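Single-structure report; data block below.
Naming: A, B, ... by sequence-line order, numbering from 1 per chain. Here the structure is a predicted model, which is why all the values come from computation and not from measurement.
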Amino acid sequence: MRVLEPWLAEPLRELVRESGARVALLMTASGQVLAQHGFTRSLDVMAAAALGSGILATTGELARLVGNEAGFGAVVHQGRQQGVWLAGFDTPRGRWVGLIVFGRGSTTGLVRLFFERFAARIQALAPAPTVVREVLAEGFERELDASLRQLFGTS
Amino acid sequence: MTPARWQALLEEVTLIGGVRGAAVVSAEDGLVVHEAAMDGVATADVAALATALVRRAQSLLQVLGDEVPRMVTLAATRGTLVAVQGKLDLWLVALAEPGAELGRLRLLLGDLAPELG
Amino acid sequence: MTDLPLAPPDPGHAFLDLGERLRLRGQLEAALSVALAGAGRYPSLAAAHDLVGRIRADQGDDDGARSAWIAALECDQGAVGALKGLAFLAFRRQDLAEAERRLEAAALEAPRDTTILAALDRVRASQPAFREEPIQFDDPDAGILLFDAEGLRLAGGVGGAAADAADIAAAAGLGLVREADRTVRLLDLGECRHILVEGSRARLVAAPVAPHGGVLLHRPVTAPAGRVVAMAERAVAAARRWLEEAR
């Protein structure tokens, strides 16, 4: 497990343990990765983060199209051997997104239960937002690389 | 089975003294299919946890050469959870207070569960 | 037309019929000779060992009868004759708990056999209040298993199943107890007392023995649910004492 900020570790650990998640990813709504468990390659993390945030953005548009302005709470993709849970939640630091991959040892219901508890813990524990630095384009890739190195323990 | 029939079935269960609520649950994904009057408890949580309990019970029963459990009863100091297998991987789950008519509840759930699906 | 005797299903098993006829006529030595020869020739035939058991019981050789019926069960776990025979021996030496277990197992195999049900009623009526049934952790056939906080078996068994099945059951029992603990915690139901699991053939009760692990009781589905639960609750108390003494 790798986290950008230490306070994320325990809530994420509990989520993974209780829900039986094989893979877990926490990111901002724009796809910046905050924590991960179970990924072995940085490329997979980046791809999952981009796809996950994209899916939620798309379903948000679909929700508005059908008159559900508040959006959909969660998206679940259920395969024969694995399922994917994708859900957004508000934090003092903005909108965050969780992606959970679970196998046949768990259920959508269990993942939902413990994800909601996780989101509540994050909301309660999140430190106050810091002053936002303006990130220039040339600094963006450097920041992303640094984040990924920290998430994979190579920093 | 129609939602109206499910509703009638669950209401029959909740008429037993001490029963806080009842739900039809899908064991495949731990989600609520239909529910009635879960007093003070999130039905979705009951569904998820009851399903996980049933799966553990099934693992144990299979070690001993039996198959899927027909009924699982979790007795605790402040209440009892009873889950009975229906058809199509649906389970009938009830939550009861201490002192509820457990024998009658078990019999009724056993009678009604085969109607699920 | 002459009356032709019906051919036995398997000509090789004709000794069963002959041995039984000799036994019923009181010719026990001859019956035993036939039965032992047959059991030697067909060692995996439960009925052969069952016949030996019945003859030995008639001879008053309870140890010999017991050995034969155990052999029958090793060939066929559901051999009703052997289960009834062992129940009879247990009842004779006033081991009512074993008698009841054997009859419950027999009732599972032959649910319409009214003689078994009548015998079961008699055994239960003969028992002192069932609260006095001894809790035996050291008897692997008693169907009571004690496991520790890591799911390792400490004592007991699951009633006739192999030792490795008992070890697996211990691990699974801990998983069930932990899941129950999580459920009661998250649903605010207090503390877990026990979990009753009922299948088509068995009734199991798992109960935590905080903080050490738990107990698991395994009975045929013919055992009354309330009785099995009550025994499990007594087993929890006995387990605490057992663990204290074991330290």
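When the candidates B:S59, B:A52, B:G40 are compared by the number of heavy-atom contacts under 4.5 Å with chain C, B:A52 comes out ahead. Taking C:A206, C:A225, C:S200 one by one and counting their heavy-atom pairs under 4.5 Å with chain B, the maximum is reached by C:S200. By number of non-hydrogen pairs under 4.5 angstrom with chain C, the leading residue of B:A75, B:G65, B:P69, B:G79 is B:A75. Options B:V63, B:T73, B:L95 differ in how many heavy-atom pairs under 4.5 Å they form with chain C, and the most are formed by B:T73.
With contacts defined as side-chain heavy-atom distances shorter than 4.5 Å, the pair C:L186/B:D45 does not qualify. In this structure, the side chains of B:L74 and C:T183 come closer than 4.5 Å at one or more pairs of heavy atoms. Taking 4.5 Å as the limit, some side-chain heavy atom of B:L61 sits within range of a side-chain heavy atom of C:L204. Between B:R106 and C:L196 the shortest side-chain heavy-atom distance falls below 4.5 Å.
Considering CZ of B:R70 and CZ of C:R203, their distance stands at 6.5 Å, rounded to 0.5 Å. Considering SG of C:C192 and CG of B:L81, their distance stands at 11.0 Å, rounded to 0.5 Å. To the nearest 0.5 Å, atom CG of residue B:L60 and atom CG of residue C:L174 are 11.0 Å apart. Of the inter-residue distances, the one linking C:R182 atom CZ with B:R56 atom CZ reads 8.0 Å to the nearest 0.5 angstrom. The distance from atom CD of C:E198 to atom CG of B:D66, rounded to the nearest 0.5 Å, is 11.0 Å. Taking CD of C:E179 as the reference point, atom OG1 of B:T51 lies at 10.0 Å (rounded to 0.5 Å).
No more than 12 heavy atoms of other residues, nucleotides or ligands lie within 6.0 Å of CD in C:E150, so this atom counts as exposed by the packing criterion. Taking a 6.0 Å sphere around CZ of C:R122, one finds it holds 12 or fewer heavy atoms contributed by other residues, nucleotides or ligands.
Contacts between residues 103-117 of chain C and chain B, defined by a heavy-atom separation under 4.5 Å, are made by no residue at all.
If you measure heavy-atom distances from C:V205 to chain B, you find no contacts under 4.5 Å at all. Proximity to chain C is absent for every atom of B:L102, based on heavy atoms less than 4.5 angstrom apart. Of the two parts of B:V41, only the side chain, counted from C-beta on, holds a non-hydrogen atom closer than 4.5 Å to a non-hydrogen atom of chain C. Heavy-atom distances place no part of B:V54 under 4.5 Å from chain C, backbone and side chain included.
Nearest heavy atoms, B:A57 versus C:L176: N-CD1, 3.9 Å. Shown here for B:A76 and C:L189, the closest heavy-atom pair between the two residues is CB-O, 3.2 Å.
B:T77 places a side-chain N or O within donor-acceptor distance of the main-chain N or O of C:E191, the cut-off being under 3.5 Å.
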